[in-house]
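Working notes for the structure below.
In what follows, chains carry the letters A, B, and so on, assigned in the order in which the sequence lines appear, proteins first and then strands, with residues in each chain numbered from 1.
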There are 2 protein chains.
Amino acid sequence: MRIQDVAKAAGVSIATVSRALNALDKVTPETRERVRQVAAELGYTPNASARTLRTQRSCVIGVVLPTLLNPVFAECLEGIAATSAAAGYSIQPFTTEYQVEREDQAVKRLLAANVDGIILVVSNPGRSSALQRLIAVRLPYVLAYNQHARHPCVGVNNEKAVRELIAHLTALGHERIAMVSGMLKASDRARQRYRGYRNGMKRAGLAELPLIEVPFVETAVQEVVTQLVDARLRPTALVCSNDLIAIRCLRAAHLAGLSVPHQISITGFDGIALGEDLTPMLGTIAQPNADIGRHSVELLVQAIAAGKPPAAPASIKLAHHFRAGESCAPAPRTSLSTHPSPLTRRLRSLR
Amino acid sequence: MRIQDVAKAAGVSIATVSRALNALDKVTPETRERVRQVAAELGYTPNASARTLRTQRSCVIGVVLPTLLNPVFAECLEGIAATSAAAGYSIQPFTTEYQVEREDQAVKRLLAANVDGIILVVSNPGRSSALQRLIAVRLPYVLAYNQHARHPCVGVNNEKAVRELIAHLTALGHERIAMVSGMLKASDRARQRYRGYRNGMKRAGLAELPLIEVPFVETAVQEVVTQLVDARLRPTALVCSNDLIAIRCLRAAHLAGLSVPHQISITGFDGIALGEDLTPMLGTIAQPNADIGRHSVELLVQAIAAGKPPAAPASIKLAHHFRAGESCAPAPRTSLSTHPSPLTRRLRSLR
DNA sequence: CTGTTAGCGCATTCAG
DNA sequence: CTGAATGCGCTAACAG
């Protein structure tokens with residue numbers, strides 16, 4: 001079913017068919033209707049490859065994500081899919097499994113596919129060969145979740161979010177707060193969140209605890225946490241760099257015989273939907289994941305329409321919010337009195 | 001960067017470049033190496049649209065899924081992505097949100113995009129206009145998760161799985177077993193699993209309990225379950241048609257003041273990774289989700305290579321297994337004695 | 001307002 | 001073994 005067939009059936013030229021279907025105004029209403037009628041009857045759909053080859057526009061948006069096994073990215077992709085479909089775009093996603101080389105491979109293939117733009121979340125925006133490549137060929141792109149002054153980004157303020165969280169926890173009486181994070185090397189979000197932890201602790205006048213860095217998709221969390229909670233001066237709160245890790249910590253704490261939140265509070269980051277269905281419901285910093293996807297698409301589509309790639313100033317900072325769950329409560333008195341922190345001791349001696 | 005540029009730089013014709021890069025044997029080893037060298041230096045990547053237009057092959061696989069918000073499909077898509085990337089294919093996914101019309105829309109767009117084949121999970125394989133369309137144009141397709149005698153499918157035996165599960169539960173002493181399911185209308189899996197429940201109960205000589213049908217992505221689960229567990233003859237086990245629902249039931253039971261599994265057992269279906277991190281760890285019928293994706297791709301790619309669409313006999317039935325969790329335990333004695341089921345009473349009266 | 005025509009970049013015939 | 005020429009299906013510039 002080609003444009004030729006429609007033209008023949010409608011008794012017009014292929015140019016007229018093309019115009020009737022695309023540039024609605026450059027053709028008589030009658031012929032336009034007739035052509036559309038015929039096209040509909042024949043079930044004609046324009047060949048996307050031919051059109052792309054001719055117009056240099058594919059109406060396809062490339063997407064590069066670490067993984068779909070973390071619901072945070074699945075939720076975002078769902079948002080991307082919905083928005084781009086509504087805007088007449090298709091998507092072509094690639095997962096990198098947190099490997100930087102694969103970011104570049106994905107971009108290469110996306111370029112070959114003539115995508116109109118790319119949404120990506122990279123490991124390190126500062127020195128990403130994938131981004132360099134995109135800039136070199138002037139292909140519009142938007143970073144999702146990443147945060148960087150020299151690139152167009154859509155996401156939340158990770159550092160500030162954790163800083164606020166620390167303040168919230170200290171207001172609840174927590175002093176020994178530890179951070180459990182994914183590998184810092186693999187994610188700028190993790191790095192920013194860790195910075196938020198450090199600054200938050202500093203502002204609160206509390207001593208930082210050593211960062212607990214756990215590999216992705218590993219159950220190693222359990223050993224670490226078990227070991228941690230056995231320590232004499234155990235933390236009263238664990239701030240996790242994402243919800244998946246928090247969920248594992250929840251279980252690890254349970255297995256270690258600690259009750260959450262009575263003996264230890266645990267918080268996540270991301271706000272995956274499942275967190276609300278857990279018991280205890282996960283306290284977390286919720287990001288608007290679908291919205292991050294939606295805004296990324298909108299930014300990209302606008303830029304494509306305007307003919308100029310989005311730039312850093314176009315970045316969109318979305319609001320996060322602390323979703324109070326049941327995994328987070330005031331610090332246990334017992335723990336505080338049994339193992340008073342240096343700060344507590346100092347405060348008490350002042351009285 | 002077109003093939004022309006490479007040809008000029010290498011001092012050969014575009015035909016030679018094309019052959020050097022594709023048909024490796026139809027050119028002198030020396031010139032081939034030289035061309036490849038030049039192409040690599042220039043960073044040349046063939047234009048996919050042009051190639052597709054010419055060869056009528058896009059090396060793109062379309063994917064049509066209900067949603068990515070259910071990890072079961074995200075896991076499957078991850079498998080599809082990994083396998084197709086390894087095979088040199090890209091993917092173009094669409095979500096339908098369980099709406100049949102959108103299945104058809106997605107297929108339409110996929111056809112226009114010249115995909116080489118489609119993997120889809122539909123609501124009703126028996127009468128799917130999307131499938132009809134694919135058959136009409138002879139485009140290779142594979143159904144994932146769906147089960148149907150007249151279509152090529154990759155998945156597990158849903159009915160048998162639940163039947164076995166019922167047997168397992170009855171062996172644990174459960175007699176009042178209720179099923180909580182997503183909308184039957186929206187999913188043949190739900191219908192098959194429900195059939196498994198009915199047959200399983202029949203074989204065990206137990207009375208079926210009314211099906212509890214809950215809308216997708218709704219928290220309505222809670223009301224239903226709360227109401228259910230308040231009933232005088234409350235079930236000792238809830239068999240859920242998927243893990244997401246099971247997780248909600250877990251929480252609903254908790255809120256209703258029931259301890260799982262001591263007062264009530266709850267099982268899921270799908271085996272999403274997160275289930276293993278829950279407390280109590282979710283007892284579920286685990287499907288090999290990534291493998292379902294992988295096999296779907298392999299089936300499709302083979303068929304594409306062979307030039308003939310996969311047919312029903314090529315269907316692949318994968319093994320499921322019951323992943324024993326902590327949410328499932330022997331039936332509580334108390335409940336049995338307090339509220340003996342009709343069968344129990346009859347059995348007892350026989351002694 | 002409509003038809004004719006020229007490529008978009010590539011693979012592939014047909015000559016040489 | 002290599003080069004010139006053709007056309008995949010479409011849109012857009014150019015004529016009429």
Looking at Arg150(A) and Ala312(A), what are the two nearest heavy atoms and their distance?
C-CB, 3.6 Å
Which atoms form the tightest heavy-atom contact between Gly155(B) and Ile292(B), and what is the distance?
CA-CD1, 4.2 Å
Does the pair Asp188(A)/Arg191(A) count as a salt bridge with the N-to-O cut at 4.0 Å?
no
State whether Arg2(A) and Asp5(A) are salt-bridged, where the test is any N-O pair (Lys NZ or Arg NE/NH1/NH2 against Asp/Glu carboxylate O) under 4.0 Å.
yes
Please determine, by modelled atom types, if Asn114(A) and Ser49(B) share a side-chain donor-acceptor pair under 3.5 angstrom.
yes
Partner residues of His151(A) under the ring-ring contact (aromatic ring centres under 6.0 Å, His included) criterion, sequence neighbours left out
Tyr141(A), His148(A)
Partner set under side-chain contact (heavy atoms from CB on, under 4.5 Å) for Arg57(B), not counting sequence neighbours
Thr55(B), Cys59(B), Tyr89(B), Asp116(B), Ile304(B)
Contacts of Ala113(B) meeting side-chain contact (heavy atoms from CB on, under 4.5 Å) (sequence neighbours excluded), chain-then-number -> Gln92(B), Val115(B)
Starting from the C-alpha separation in whole Å, work towards a yes-or-no answer on salt bridge (charged side-chain N to carboxylate O under 4.0 Å, His left out) for Asp291(B) and Arg294(B).
CA-CA 5 Å; Asp291(B) 273 354; Arg294(B) 184 168 61 80; 3.1 Å; yes
Letter per nucleotide, 5' to 3', of nucleotides 8-16 of chain D [B base touched, S only sugar-phosphate touched, - untouched; heavy atoms, 4.0 Å]
BBBBBB---
So for the helix from dC1(C)-dG16(D) to dG16(C)-dC1(D), with five pairs setting each end axis, what is the inter-axis angle to 10°?
50°
Passes side chain to side chain contact (heavy atoms under 4.5 Å, CB included), Val107(B) versus Leu120(B)? Steps please.
CA-CA 9 Å; Val107(B) 166; Leu120(B) 56 180; 4.1 Å; yes
Indicate, with a heavy-atom threshold strictly under 4.0 Å, whether Thr52(B) touches base, sugar-phosphate, or nothing.
nothing
DNA chain C: 5'-most and 3'-most nucleotides touching chain A, 4.0 angstrom heavy-atom criterion
dC1(C) to dG9(C)
